[in-house]
Peer 1: 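A single structure is presented below for examination.
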Protein chains: 2
Amino acid sequence: MAKPNELREKGLRLTPQRELVLQAVRQLGHATPEEVAEKVRATQPGINLSTVYRNLETLENVGLVLHTHLGHGGATYHAAEELTHLHLVCSECQSIGDAPIETAANFVNTLSDDYGFKTDVTHFAIYGLCSKCSNKSSK
Amino acid sequence: MAKPNELREKGLRLTPQRELVLQAVRQLGHATPEEVAEKVRATQPGINLSTVYRNLETLENVGLVLHTHLGHGGATYHAAEELTHLHLVCSECQSIGDAPIETAANFVNTLSDDYGFKTDVTHFAIYGLCSKCSNKSSK
DNA sequence: GCTTTTCTGCAAAAGGGTTGCAAGAAGTAT
DNA sequence: ATACTTCTTGCAACCCTTTTGCAGAAAAGC
């Protein structure tokens, strides 16, 4: 999953921990550092949380992973190549829905045209009520 | 600024601390709990941070204040009646710009029509590069 | 004023993330 | 293969923000 070369090419050393962190992020989709650590521990039980944090940061610096803010708590990490959708986070059931980035295209363009603001719509959650919960509460 | 009755009407007791917290939120615009505490301390030096937290929560429960997530750190609080704008947060200079909620109207409608998702666009920041910083970095 | 109930301050703790340091591995040159 | 340099790791301590338990203080109601 994590090819040896892609890390070396970025000037990073190839350590088992680093490879496993990258692999975990790719497999998990959106994962908190804690979840990444847990996944990695399946292979490397001894890995330390701070190593996970440091590697996530390192991998983010070289552009292999990205983080987004989905809720009140901490960040969640994605493989950079998979961050192609909006996150629709439900305030009630905490579910995370996806929508294509294009959904926001007009909005992003308006902000750019009117305010010169270049929006990254994936970095923060789109917050609200999912269809299930909004049906439930209107009944 | 905080009328005695509006707290009583919500079933809350009228304490100096509570009034001052509400007043501070109204005066500050977007404020972190820490900033609210600091503001309150001008009048009531001894107020405890936990009292501020508890009052913010209480005031939010009765709908007088709201919180939003503007960045990597904690929440910021607003008077409920003033939360009528989007927050355009710059990833580089950390500035917080405003844009009217209507800017997002089409986007919100699309999410509602296509996904049944009822978006609250004010609860999370709109993240990106402000015009200043995007000019700077393209030069 | 007296009683009940809610609030406040304090101290401790929880949660999430970071940092200094010494030991250990990766890469590089010999 | 070996020695050397540099980067990483694990560990423990720590920081910052927020939450909680509790006893005493203050509101609201009588």
Side-chain angles (χ1 to χ4, degrees), chain A residues 2-25 30-41 43-62 64-65 67-77 94, chain B residues 2-25 30-41 43-62 64-65 67-77 94:
Chain A
K3 305 143 211 148
N5 289 334
E6 66 186 327
L7 290 172
R8 304 277 279 277
E9 280 165 9
K10 303 285 188 177
L12 299 179
R13 287 196 182 169
L14 199 65
T15 68
Q17 292 90 338
R18 189 164 288 163
E19 285 185 281
L20 288 167
V21 166
L22 178 54
Q23 189 178 323
V25 169
H30 344 92
T32 62
E34 191 57 66
E35 290 164 344
V36 170
E38 201 170 319
K39 181 86 178 173
V40 171
R41 285 197 192 105
T43 308
Q44 175 113 2
I47 194 171
N48 195 277
L49 238 194
S50 62
T51 301
V52 173
Y53 276 101
R54 284 189 278 223
N55 274 319
L56 288 171
E57 192 187 340
T58 303
L59 293 170
E60 187 158 27
N61 286 338
V62 300
L64 288 170
V65 310
H67 75 271
T68 70
H69 297 276
L70 296 187
H72 297 204
T76 65
Y77 286 82
Q94 321 299 328
Chain B
K3 304 142 210 148
N5 289 335
E6 65 187 329
L7 290 172
R8 307 273 279 276
E9 281 164 10
K10 302 286 188 176
L12 299 180
R13 289 197 180 168
L14 199 63
T15 68
Q17 292 89 337
R18 184 114 79 203
E19 286 186 280
L20 288 168
V21 166
L22 178 53
Q23 189 179 322
V25 169
H30 344 92
T32 62
E34 191 56 65
E35 290 164 344
V36 170
E38 201 171 319
K39 180 86 179 173
V40 171
R41 284 197 194 106
T43 308
Q44 175 113 1
I47 194 171
N48 196 278
L49 238 195
S50 62
T51 300
V52 173
Y53 275 99
R54 283 188 279 223
N55 274 319
L56 288 171
E57 193 186 340
T58 303
L59 293 170
E60 187 157 26
N61 285 338
V62 300
L64 289 171
V65 311
H67 75 271
T68 70
H69 298 276
L70 297 187
H72 297 204
T76 65
Y77 286 81
Q94 321 299 328

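Because only heavy atoms are used, hydrogens play no part in the values below, and waters and symmetry mates are left out as well, while side chains stay in. Order of the sequence lines fixes the chain letters, A, B, ..., with proteins taken first and strands second; residue numbering starts at 1 for each chain. Everything numeric here is computed off the predicted structure, so don't read it as measured data.
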Peer 1: Does A:R18 reach a base, just sugar-phosphate, or nothing at all? Heavy atoms under 4.0 Å.
Peer 2: sugar-phosphate
Peer 1: From C-beta outward on B:R8, which listed nucleotide comes closest to its side chain: D:dT8, C:dC10, D:dA28?
Peer 2: D:dA28
Peer 1: According to a strict under-4.0 Å criterion, is A:T15 in side-chain N/O contact with OP1 or OP2 of D:dT9?
Peer 2: yes
Peer 1: Could you tell me the separation between the CD atom of B:E60 and the P atom of D:dT19, rounded to a whole number of Å?
Peer 2: 11 Å
Peer 1: Verify the contact: side-chain N or O of B:S50 to OP1 or OP2 of D:dT19, cut-off strictly under 4.0 Å; return yes or no.
Peer 2: no
Peer 1: Of the nucleotides D:dA27, C:dG9, C:dT19, which has the atom closest to the B:R13 side chain?
Peer 2: D:dA27
Peer 1: Does B:E38, at its CD atom, have more than 12 non-hydrogen atoms belonging to other residues, nucleotides or ligands within less than 6.0 Å?
Peer 2: no
Peer 1: Please confirm whether the backbone N or O of A:Q17 pairs with a side-chain atom of A:Q44, one donor and one acceptor, at under 3.5 Å?
Peer 2: no
Peer 1: Just how far, in rounded Å, is P of D:dT9 from CG of A:L12?
Peer 2: 10 Å
Peer 1: Specify the separation, in whole Å, of atom CD of B:E19 and atom C1' of C:dC7.
Peer 2: 14 Å
Peer 1: Compare the minimum distances between each of C:dC7, C:dG27, C:dT19 and the side chain of A:L14, then state the nucleotide with the smallest one.
Peer 2: C:dG27
Peer 1: Produce the list of close N/O pairs, under 3.5 Å, pairing protein atoms with atoms of nucleotides 14-17 of chain D; give distances to one decimal.
Peer 2:
none

Peer 1: When the distance from CG of B:N48 to C1' of C:dA12 is rounded to whole Å, what number comes out?
Peer 2: 12 Å
Peer 1: Would you mind telling me which of D:dT9, C:dC7, C:dG9 lies closest to the side-chain atoms of A:Q17?
Peer 2: D:dT9
